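One structure is given here, and the rest of the page talks about it.
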Number of protein chains: 2
Amino acid sequence: MSDRRSGLSRTRQVGRLSPVRRTSTVDLIADAIRGAIVDGDLPPGVALGEAELAFQLGVSRGPLREAMQRLCAEGLLVIPRRRGLAVRIMTADDARDIHWLRARIETELGHRFLARPVAERKEMLRYLSAEVKRMQRALKADDARELGDAYLDFHRVLAEAGGSARLERMMGTLLIETRLCTFSMYAHFEVHRDLADEHMAMLGALEDGDAELFCRLLEAHLREEVRRLVAEPTEAEDLEAGRLLAETPDVPQPLGRLDLSEGV
Amino acid sequence: MSDRRSGLSRTRQVGRLSPVRRTSTVDLIADAIRGAIVDGDLPPGVALGEAELAFQLGVSRGPLREAMQRLCAEGLLVIPRRRGLAVRIMTADDARDIHWLRARIETELGHRFLARPVAERKEMLRYLSAEVKRMQRALKADDARELGDAYLDFHRVLAEAGGSARLERMMGTLLIETRLCTFSMYAHFEVHRDLADEHMAMLGALEDGDAELFCRLLEAHLREEVRRLVAEPTEAEDLEAGRLLAETPDVPQPLGRLDLSEGV
DNA sequence: GATCATCAGATTGTCGACAAACTTACATTA
DNA sequence: TAATGTAAGTTTGTCGACAATCTGATGATC
């Protein structure tokens with residue numbers, strides 16, 4: 001079977017060359033849009049035209065539509081027939097669902113984390129600690145956006161600890177959806193003063209190897225997060241999926257700095 | 001805000017009309033391919049050309065490529081650069097991962113199921129019971145394919161009990177991946193004689209409202225399933241992602257009955 | 001005055017075509 | 001004989017264009 005790799009298999013392989021990561025245009029576009037969503041440059045519910053978006057990204061409509069389908073499968077975009085696309089608006093039910101799922105997944109991630117060898121754990125703890133410090137700095141600077149980014153990255157690191165690509169992907173999507181909840185409810189970044197402290201406590205539990213405490217803290221945090229989200233009733237709340245685009249302003253908004261730097 | 005729905009909001013709404021489900025071509029294609037994967041018409045790892053596939057489906061390459069991206073996001077397809085597409089080959093690690101995730105999700109589904117009102121539960125129990133009977137019939141007839149389908153449907157019904165679209169979608173993908181595991185390891189449908197009995201027991205636990213027993217039975221079943229899958233070492237096992245397509249025969253195989261009946 | 005029909009405008013869904021990239025096979029050379 | 005260089009062939013990635021469809025508004029009718 002392996003004689004197919006004729007030339008290579010008999011040649012001595014020196015060093016350890018990792019395979020080149022060649023990303024397709026569709027990947028680039030999907031990442032750009034995903035990033036724009038996370039950054040808040042594409043607010044939920046705003047109707048976007050394909051042609052306009054494709055022009056801004058510097059690609060034609062073909063690859064853009066392919067990327068749209070991928071993001072739609074992730075649940076980040078809605079594609080109403082013949083109405084372009086729009087970032088999905090999260091409802092209170094979505095918020096509950098997302099945070100409930102995250103609780104189930106992340107508590108398990110905590111267990112998986114603590115099941116790893118100490119060396120790996122130490123390295124990850126460094127990363128986690130760095131993110132907590134980032135939260136603290138952002139809090140001092142009153143930088144809601146930076147705070148939110150550090151928050152997402154903290155949980156992303158946690159997701160990596162699971163050692164399952166499938167799980168990591170799920171968490172990645174859930175985290176973006178989490179932010180979409182914020183945007184859908186508040187329409188802007190929001191500072192929570194106790195966020196850093198909560199995560200400092202979680203980090204401590206992981207350092208101490210106390211799985212149960214970690215789970216308790218995490219679930220409390222997520223519950224609190226949901227409470228904050230659904231307590232504040234906004235216009236987004238009573239939007240149903242069906243008339244998702246009804247509220248969008250007629251003037252197509254400028255998209256902010258959407259850029260696909262190296263694409264063509 | 002609601003005055004946008006001018007004509008309708010003032011008209012008396014008779015009966016309960018559910019919104020028309022207008023499926024796009026991309027949806028149709030994605031469903032067709034998904035179905036072909038589940039039916040085993042598209043075996044894992046076989047390289048497929050876009051043009052050929054598009055022709056068989058009676059569509060052009062544009063929509064097909066969009067559908068490909070969606071299925072790729074679901075983890076069912078791999079799209080190597082400039083090599084067309086192929087159904088993903090599941091490894092032993094994948095099998096473990098999938099079944100582990102299913103255990104986490106489905107035990108929770110059991111709890112959610114038992115938390116529902118009795119009336120709803122009864123109806124779902126009928127569906128579940130029907131699937132178990134289907135398994136028994138298939139077992140008598142030695143129909144591996146029918147058995148497998150009933151198995152998937154049983155767990156699909158369970159997924160619906162969760163009341164979370166997000167969770168249902170995850171489970172849907174995981175179930176297809178489960179079948180992909182079978183195809184990847186055995187390359188054909190496989191009859192397990194105790195499948196019906198195992199599910200009969202689970203059904204009984206749900207009828208009795210015994211959540212703990214249900215979870216125990218379910219986890220035992222999934223563990224057993226993994227054992228069966230990884231115990232049988234096949235050529236698919238030692239295939240790594242990188243040379244996924246290396247083994248594909250040079251003759252592009254006929255795709256079986258891939259059909260998009262109503263598409264154009 | 002409200003409802004319905006008609007029409008123009010704009011946008012999407014789909015297709016066909018071209019060029020670039022990759023694979024495979026063959027010839028050449030050490 | 002094995003490895004390298006070259007070339008042809010095939011397939012993808014991308015783009016531009018056309019037609020079908022939907023939206024929104026205007027005008028006619030009861």
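As a basis for the values below, the full set of heavy atoms in this structure was taken, side chains included, without hydrogen atoms, waters or symmetry mates. The structure displayed is predicted, hence computed values, not measured ones.
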Notebook entry, point to check: Residues in side-chain contact (heavy atoms from CB on, under 4.5 Å) with B/Arg169, at least two apart?
Noted result: none
Margin query: Whole angstroms only, please: what is the CZ-C1' distance between B/Phe55 and C/dC15?
Written below: 15 Å
Item checked: Residues in side-chain contact (heavy atoms from CB on, under 4.5 Å) contact with A/Asp93, at least two apart in sequence or another chain -> A/Thr91, A/Arg96
Next item on the list: Nearest whole angstrom, please: distance from the P of D/dC15 to the CD of A/Glu66.
Entry: 11 Å
Next item on the list: Report the residues that fulfil side-chain contact (heavy atoms from CB on, under 4.5 Å) with B/Phe55, sequence neighbours left out, ordered by chain and then residue number.
Entry: none
Margin query: So, using side-chain hydrogen bond (donor to acceptor under 3.5 Å, both in side chains) as the criterion, who are the partners of B/Asp143 when residues are at least two apart?
Written below: none
Next item on the list: Applying side-chain contact (heavy atoms from CB on, under 4.5 Å), name anything that partners A/Glu225, two or more places apart in sequence or on another chain.
Entry: A/His99, A/His192, A/Leu195, A/His221, A/Arg228
Between protein and nucleic acid, restricted to nucleotides 11-13 of chain C and to nitrogen or oxygen atoms under 3.5 Å apart, what atom pairs and distances do you find?
unit_1, atom_1, unit_2, atom_2, d
C/dT12, OP1, A/Glu50, N, 3.1
C/dT12, O2, A/Arg82, NH1, 3.3
C/dG13, OP1, A/Arg82, N, 3.2
C/dG13, OP2, A/Glu50, OE2, 3.3
C/dG13, OP2, A/Arg65, NH1, 2.6
C/dG13, OP2, A/Arg65, NH2, 3.3
C/dG13, N7, A/Arg61, NH2, 2.8
C/dG13, O6, A/Arg61, NH1, 3.3

